[in-house]
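Everything on this sheet refers to the single structure shown next.
Note that ligands are numbered from 1 as they come in the structure, with each ligand's atoms numbered from 1 the same way. All residue numbers refer to positions in the sequence shown, counting from 1. These figures come from a predicted structure and were not determined experimentally.
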Amino acid sequence: MKPRNYAPLLAQFAEEHAKRSPKSATLHERASKYMIDGGSNTLRLLNPFSPRIVSAKGAWVQDEDGHRILDFWQGHHANVLGHNPDFVTRALAEFFSAGQGLQTGFTDRLQIEVAEMICRQTGAERVRFTTTGTLATMNAIILSRAFTGRDLIMKVGGGWHGGHPWGLKGVGYHGGFEAMDSAGVPASVNENTIITNYNNSDKLKDHFRQYRDKLACFIVEPVIGAGGLMPAKKEYLQAARELTQKYGVVLIFDEVISGFRFRAGNVAALYGVQPDLMTLGKAIGGGMPVAAVAGRADILSWAGKGGKVKFDGGTYAAHPASLLAGKTYMHYLIAHEAEIYPKLYATGTKLREVVTRIFAEENIYARFAGDRNRDLPGNSMHMLLFPYQEGGELDTPEEVRNPAACDMMLSEKVLQLELLLENIFTVHGLGSNSAAHTEADLQFLGEACRRFARRVKSYL
Ligand SMILES: Cc1ncc(COP(=O)(O)O)c(C=O)c1O
């Protein structure tokens with residue numbers, strides 16, 4: 001395959017972007033004087049600079065230069081109902097206007113109500129709150145190591161569980177899924193972190209046979225985020241459950257991205273597989289920082305009085321305003337489950353249909369990662385791919401994040417910058433639709449994809 005050279009096209013798009021977004025460009029310069037790369041999360045920062053957002057509502061955001069932008073990033077996939085739903089901002093405004101909402105450090109009624117809600121909707125026995133998905137997965141791993149008295153942990157190549165030492169191996173940011181993705185991590189963490197393959201039950205069995213009762217836990221996303229925004233196969237999760245039981249290994253489902261996105265609870269329930277621990281974040285906070293480890297009481301009790309694990313949520317854990325937002329949001333998702341989830345599914349299905357049809361009409365082969373999975377239909381998260389060859393399952397990170405198989409430069413960089421010129425923000429190939437995205441929004445996306453296709457065609 002002859003390498004495609006997008007450099008001139010990217011330079012042209014960057015120039016157009018700078019011309020139409022002078023205020024964001026100026027703010028980027030100012031930001032870069034005080035923050036690394038002008039922000040706090042490199043993945044969120046576009047090249048040459050990101051639009052600086054002034055307001056956000058539903059499916060749309062508005063930037064400093066007055067562009068209304070259709071957003072498929074949606075708060076890093078947290079906002080399943082779109083940005084700033086009125087019922088949440090209203091509840092928070094009332095809370096604050098009553099002089100409440102900031103951290104007190106005391107245990108209040110809200111914590112109990114949210115914990116009850118999570119247990120009821122996920123089958124967990126106990127919950128401990130923290131502030132980020134990263135802290136939740138890190139503590140779930142520490143709990144499992146203490147509970148089993150074992151050192152090794154296993155995760156999948158391409159899985160992102162946040163930026164803590166164990167989570168930083170095998171994400172694939174630096175090519176390959178076996179590598180440590182960050183400098184500065186102790187060598188022992190590298191040695192103790194085993195990488196297996198997502199959606200590959202044979203490899204999983206081999207790894208369990210090899211490491212057996214040395215493994216403390218297997219942590220896996222039932223719907224993988226960074227590795228493809230695509231669902232696991234049912235038989236894979238079932239195999240994970242059987243093997244962890246057989247070898248006395250703690251099964252952790254990382255549902256930071258999938259929890260409350262596919263139903264008003266954990267997605268694992270749709271697979272009929274219950275883990276020992278699950279981690280939740282993103283949607284359970286309703287746009288505020290709430291995360292949790294939930295699951296078996298006998299494991300979580302290791303974090304309690306007399307337990308040996310130091311897992312305290314942190315100064316701002318179980319923050320009143322965050323929990324109020326989370327409670328209000330989850331309550332709404334539960335009460336409207338019958339409308340919201342079918343709508344998310346239908347919009348996601350339509351989005352894929354529109355986008356792939358338009359690229360086909362323009363003679364460009366486009367697919368979505370995991371599009372042949374029938375075990376969890378109706379995904380509202382979408383990694384758009386431009387495979388070099390037709391066919392293939394495209395249901396593992398090894399396939400969908402392989403630059404020799406899919407044109408990742410086209411789907412991640414060229415598409416992102418060109419669609420921004422069309423007032424559309426995409427990430428990871430496309431991103432997620434919320435329940436606020438309408439049929440008209442999808443038509444807007446489709447027309448932009450057509451113009452994109454026509455602009456890039458001669459470079460393919
Ligand atoms: C599956 C998964 N786990 C953990 C995390 C880390 O969560 P946070 O960014 O809240 O620390 C993320 C974040 O994207 C995630 O997608």
May I ask you to check whether His437 and Phe72 place their ring centers less than 6.0 Å from one another? yes

Is the gap between the ring centers of Tyr332 and Phe87 under 6.0 Å?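 Yes, the ring of Tyr332 comes within the 6.0 Å limit of the ring of Phe87, centre to centre.
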
For atom 2 (C) of ligand 1, which protein heavy atom lies nearest, and how many Å away is it?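 That would be Trp160 O, 3.2 Å.
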
Roughly how far, to the nearest 0.5 Å, is the CG atom of Leu410 from the CZ atom of Phe452?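 Between Phe452 CZ and Leu410 CG, I get 4.5 Å after rounding to 0.5 Å.
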
For Asp298 and Ser301, which I'm curious about, is there any donor-acceptor pair between the side chains at under 3.5 Å? no

Is it the case that Thr137 and Asp254 place a side-chain donor and acceptor less than 3.5 Å from each other? no

Under a 4.0 angstrom heavy-atom cut-off, which atoms of ligand 1 come close to Gly133?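 Answer, ordered by atom number: 6 (C), 7 (O), 8 (P), 10 (O), 11 (O).
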
Contacting atoms of ligand 1, where contact means under 4.0 angstrom from a heavy atom of Asp254: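 Per the distance check, 1 (C), 2 (C), 3 (N), 4 (C).
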
For ligand 1, is any non-hydrogen atom under 4.0 Å from [X]'s backbone (N, CA, C, O), its side chain (CB onward), both, or neither?
{"X": "Glu255", "answer": "neither"}
{"X": "Glu221", "answer": "side chain"}
{"X": "Lys282", "answer": "side chain"}

Test side chain to side chain donor-acceptor pair (under 3.5 Å) applied to Lys169 and Thr193, Asp181, Asn190, the passing residue: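 The option that passes is Asn190.
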
Short N or O distance, Thr134 and ligand 1, threshold 3.5 Å exclusive: yes

